[in-house]
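As structure tokens, the structure follows; a few thoughts come after it.
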There are 2 protein chains.
Amino acid sequence: MSYEQALTALADPTRRAVFERLRAGPQPVGELARHLPISRPAVSQHLKVLKDAGLVTDRAEGTRRIYHIDPHGLGALRRWLDQFWETALDAFAAEAERTSDKP
Amino acid sequence: MSYEQALTALADPTRRAVFERLRAGPQPVGELARHLPISRPAVSQHLKVLKDAGLVTDRAEGTRRIYHIDPHGLGALRRWLDQFWETALDAFAAEAERTSDKP
DNA sequence: CTTGTTCGTAAGACATGACTTACGGTAAGC
DNA sequence: GCTTACCGTAAGTCATGTCTTACGAACAAG
């Protein structure tokens with residue numbers, strides 16, 4: 001739910017691959033594991049981290065669990081980034097001012 | 001420069017603290033290290049990672065190096081996130097549709 | 001009730017990376 | 001020129017996290 005967790009979760013390349021695969025739509029764990037170079041339990045562990053970060057959610061469907069993207073974590077990350085982006089642009093403008101003309 | 005590097009760089013809490021400290025404005029390495037619970041070389045190493053990710057830039061000023069935020073890496077991250085955010089909202093809407101009314 | 005899927009968790013091996021101290025290099029001040 | 005301040009890099013130690021195999025639980029099918 002916090003942007004820190006989202007950043008930590010999305011840092012790992014394999015976990016990011018899991019997350020990006022969910023972009024194609026909701027999928028069960030086995031389906032995800034079939035297209036990834038890791039074992040199914042490893043996918044489950046990654047999904048747990050993504051779920052704790054608020055990046056994915058799951059629903060039960062028989063014995064299978066369907067995972068899909070959760071906007072919450074993504075939103076938290078986006079808010080933090082936007083807020084940072086603004087001050088960064090200001091600082092960049094001030095820096096450009098400083099290097100070009102110096103009173 | 002790529003969003004993968006930016007995510008990896010911002011995942012570490014200490015490195016994120018270094019980055020967020022630069023939000024207050026350009027600062028030399030020693031100044032950053034003074035307010036952080038790690039040694040100065042550690043700060044240098046973190047700055048190197050941030051620099052490679054396009055998140056910060058440095059300029060020489062005497063024997064000191066002033067670091068400031070670089071919008072490039074932040075922009076790459078933002079573009080990736082926005083693009084993801086869109087599809088996530090669509091998927092979320094479709095999911096809401098699915099769970100509410102079922103024909 | 002038994003069998004077969006699908007999945008999550010536990011335990012352990014292993015790699016990755018973050019931090020420290022030690023060292024060298026560059027610029028400023030006297 | 002000599003000393004001092006500031007910084008980056010190298011080497012080594014140590015913790016964190018990712019992967020595997022093994023096991024048990026929940027549900028559907030027969």
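Atom set for the values below is all heavy atoms of this structure, side chains included, hydrogens, waters and symmetry mates excluded. If you're wondering where the values come from, they're calculated on a predicted model, not measured in any experiment.
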Which listed nucleotide ([options]) is nearest to the side chain of [X]?
| X | options | value |
| --- | --- | --- |
| A:K48 | C:dT9, C:dT21, C:dC7 | C:dT9 |
| A:Q45 | C:dT20, D:dG8, D:dT20 | D:dT20 |
| B:D12 | C:dA18, D:dC19, D:dC7 | C:dA18 |

### Query
Above 12 or not: heavy atoms from other molecules or residues under 6.0 Å from CZ of A:R65?
yes
For [X] and [N], give me the distance from atom [atom1] to atom [atom2], rounded to whole Å.
| X | N | atom1 | atom2 | answer |
| --- | --- | --- | --- | --- |
| A:L47 | C:dC7 | CG | P | 10 Å |
| A:L36 | C:dC7 | CG | P | 13 Å |
| B:D58 | D:dT9 | CG | P | 10 Å |
| A:R40 | C:dA10 | CZ | P | 14 Å |
| B:E61 | C:dA27 | CD | C1' | 13 Å |
| B:K51 | D:dC7 | NZ | P | 14 Å |
| A:R34 | C:dT5 | CZ | P | 13 Å |
| A:I38 | C:dC14 | CD1 | C1' | 16 Å |

Measuring to OP1 and OP2 of [N], would you say a side-chain N or O of [X] lies under 4.0 angstrom away?
| X | N | answer |
| --- | --- | --- |
| A:T63 | C:dC7 | no |
| A:Y67 | C:dT6 | no |
| A:T14 | D:dT18 | no |
| B:S39 | C:dT20 | yes |

### Task
Search all heavy atoms of B:L74 against all heavy atoms of B:L55 and return the closest pair with its distance.
N-CD2, 3.7 Å
### Message
Does A:P41 reach a base, just sugar-phosphate, or nothing at all? Heavy atoms under 4.0 Å.
### Response
base
### Query
Counting any heavy atom closer than 4.0 Å, what does A:R15 reach on the DNA or RNA strands: base, sugar-phosphate only, or nothing?
sugar-phosphate
### Message
Under a 3.5 Å distance rule, please check whether A:R16 uses its side chain to pair with a backbone N or O of A:L10 as donor and acceptor.
### Response
yes
### Query
Sub-3.5 Å donor-acceptor pair from the side chain of B:Q27 to the main-chain atoms of B:I66, do we have one?
no
### Flag side-chain contact, heavy atom, 4.5 Å: A:R79 against A:Y3
no
